[in-house]
2 protein chains.
Amino acid sequence: MNKEFLSIKKLIETKGYKFTIQKRIILEELFSADIHLTAKEIYSKVKNKNIGLATIYRTMNLFTSIGIVKEIHADGMSYYELKMYSKKPLHIHFKCIKCNRIIDVDNTGVEIKYLKLNREIEESKKLQIHDANIMLIGLCDKCK
Amino acid sequence: MNKEFLSIKKLIETKGYKFTIQKRIILEELFSADIHLTAKEIYSKVKNKNIGLATIYRTMNLFTSIGIVKEIHADGMSYYELKMYSKKPLHIHFKCIKCNRIIDVDNTGVEIKYLKLNREIEESKKLQIHDANIMLIGLCDKCK
DNA sequence: TTTAATGCAAAGTGTTTGCACTATA
DNA sequence: TATAGTGCAAACACTTTGCATTAAA
């Protein structure tokens with residue numbers, strides 16, 4: 001178990017939850033996936049280990065509530081991705097209206113500018129922004 | 001019927017759909033609401049006119065597909081709002097994690113900057129961006 | 001008069017929950 | 001050993017669909 005993994009384990013325990021085998025397996029899946037997954041997709045990866053769909057949902061809700069995971073909504077469905085120790089703390093999603101793929105937009109420069117804009121809004125609107133979900137919609141390189 | 005209303009009527013007809021009483025009533029509701037509504041909320045406003053929930057969904061899907069309405073997802077639910085002739089073509093939503101309200105962030109300056117960033121991404125990633133869903137998450141003025 | 005659209009109820013899909021049982025701290 | 005967590009199935013909530021009927025062009 002590496003450092004990051006251990007510190008997430010510790011966070012779970014600090015919050016008063018038990019670090020079960022199921023949580024470990026799901027967490028491993030999230031680490032190796034590095035992309036947003038639906039509950040069903042996670043389920044299909046771990047169901048051979050006798051983990052039920054309900055456990056996936058319960059775990060993702062727990063992980064989301066303590067900040068381990070980020071939940072994004074698209075097409076009336078939830079996608080989950082690792083938020084903690086992510087290489088891309090804020091990232092922008094792009095959804096193609098033709099092929100329906102959801103891809104990550106990696107562009108460090110742009111992300112920093114987005115974060116700056118959030119700070120502008122925070123100040124002018126007296127909000128406290130913890131997170132941002134940005135979903136761009138249009139046609140991808142292949143479909144346009 | 002004002003100009004904007006008429007041109008939406010025309011758009012619907014041009015696309016080969018019929019401008020029914022139900023579509024007119026729902027459209028009127030969207031115009032007067034000026035904020036995102038769920039299908040149920042629209043339904044509760046028009047059910048006394050003998051319009052079924054299924055019609056709301058079918059109409060919203062149609063309106064979304066031809067660009068009259070914008071659909072935003074939050075908490076696994078769909079909200080709909082007028083996109084055409086909206087005073088705020090791109091706007092940013094903010095969701096408070098405490099009171100669960102979803103509010104609009106109106107700040108013209110910031111919105112223009114967001115649009116510029118989209119253009120940057122379009123060029124560097126070879127995408128064609130039609131729309132952007134931006135949902136900021138945190139604590140609102142009252143809850144923080 | 002053709003064809004899209006409607007209301008209703010049934011079906012579908014993603015998610016949550018109740019419960020008896022299990023496993024962690 | 002106390003309590004959080006689990007798998008399963010049933011329940012839920014939002015959305016879509018099949019069908020006979022209606023109404024718009």
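Throughout, protein chains are lettered first and strands after them, A, B, ... in sequence-line order, and every chain is numbered starting at 1.
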Interatomic distance where [atom1] belongs to [X] and [atom2] belongs to [N] [whole Å]:
X	N	atom1	atom2	value
I25(A)	dT6(D)	CD1	P	10 Å
I51(A)	dA23(C)	CD1	P	13 Å
F63(B)	dA5(C)	CZ	C1'	12 Å
I56(B)	dA5(C)	CD1	P	15 Å
Y43(A)	dA9(D)	OH	C1'	12 Å
I26(B)	dA5(C)	CD1	C1'	11 Å
M60(A)	dT16(C)	CE	P	12 Å
N50(B)	dA5(C)	CG	P	18 Å

side-chain hydrogen bond (donor to acceptor under 3.5 Å, both in side chains) assessment of Y85(A) paired with S7(A): CA-CA 10 Å; Y85(A) 307 112; S7(A) 88; 2.3 Å; yes
Heavy-atom side-chain contact between V105(B) and H91(B) under 4.5 Å: no
Any side-chain heavy-atom pair of K95(A) and L136(A) under 4.5 Å: no
Partners passing ring-ring contact (aromatic ring centres under 6.0 Å, His included) against H73(A) (at least two apart in sequence or in another chain): none
K18(B) and E13(B) ion-paired at < 4.0 Å: no
Footprint string (nucleotides 12-25 of chain D, 5' to 3'): B base within contact, S backbone only, - free, heavy atoms under 4.0 Å: --SBBBB-----BS
Residue pairs passing the side chain to side chain donor-acceptor pair (under 3.5 Å) test where at least one lies in residues 132-144 of chain B, sequence neighbours excluded: K70(B)-N133(B)
